[in-house]
Amino acid sequence: MNMHLGGTLGLVAHVATAATAGAQQSAWPQHALDRPPPPVVAPAAVQPLVAPPADAVVLFDGGLLAAWQAADSAGGPARWRISSGAIEVVPGAGGIRTRRSFGDVQLHVEWMSPLPAQGAGQDRGNSGVFLMGQYEVQILDSWHSTTYPDGQAGAIYGQLPPLVNASRQPGRWQSFDIIFRHPEFDGERLTVPARMTVFHNGLLVHEDAVLQGPTTHQRRAPYVAHPRRLPISLQDHGHKVRFRNIWVRELAPLVH
Ligand code: MG
């Protein structure tokens, strides 16, 4: 804790019950630019292909976009393009979401920042993986590029920077392995916050992190009760980020 501890942490304090004591949490204002950036740690140079295990639901294997639809309310066909065995964001087409809904999962997704790199900060290879359509692990070109730490690659957007900056350079495949536990509600009341453990290119970047609510820009949004299963979505932030080898394992509930 430090001098930045303020009223915005009321929700954190509220949910930091015995069940969450000791978990990774944030005491900084959202998007703080004076927050020390995570150390840079070079991952292995090349992303190995991590093939889906037997119990995985394959969401993209280089072929069709059949597992996906448009993320807007109409939910029409996904309008991103497939090229050389990868999905590429079509800027302006909107995000995409899985046709199936998921709750507790282990998710593997590989992504690549555009080459040549363009833009700076948040305007450089921005996309994101949204668990339940609302809890974002940030995709950004953070290789030799800075932004506010809770918005760099691997951040739980607007809440927690990654423990390290494990970014590969643009044009190289990168990976996220995300273990996500959905929040629990009793009616409209939050009883158990969402939690995430995340590996970026094989390096631990979040360890059982407690989410303060949906991930949002320039505000902290409170939890709003939702079903135990919702689609996973990928963000169109106007940049031609590519994706491949996306699969998910559904996890049995933890016994509380
Ligand atoms: Mg994003």
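Just so you know, residue 1 is the first one in the sequence shown, and it goes up from there. Read the numbers this way: they start at 1 and go in the same order the structure lists the ligands and their atoms.
Around the CG atom of Leu64, the shell of radius 6.0 Å holds no more than 12 heavy atoms that belong to other residues, nucleotides or ligands.
Contact check on Glu184 versus Arg228 returns a salt bridge, with a Lys/Arg side-chain nitrogen under 4.0 Å from an Asp/Glu carboxylate oxygen.
Counting heavy atoms from C-beta outward, Leu203 and Leu163 have side chains that stay 4.5 Å or more apart.
Between Phe176 and His200, the ring center distance clears the sub-6.0 Å criterion. The distance between the ring centers of Tyr135 and Phe180 falls below 6.0 angstrom.
Between the side chain of Asn165 and the backbone N or O of Ser142 there is at least one donor-acceptor pair closer than 3.5 Å.
Closer than 2.8 Å to the Mg ion (ligand 1) sit the protein N, O or S atoms Asn126 OD1, Ser127 O, Glu136 OE2, Gln138 OE1, Gln235 OE1.
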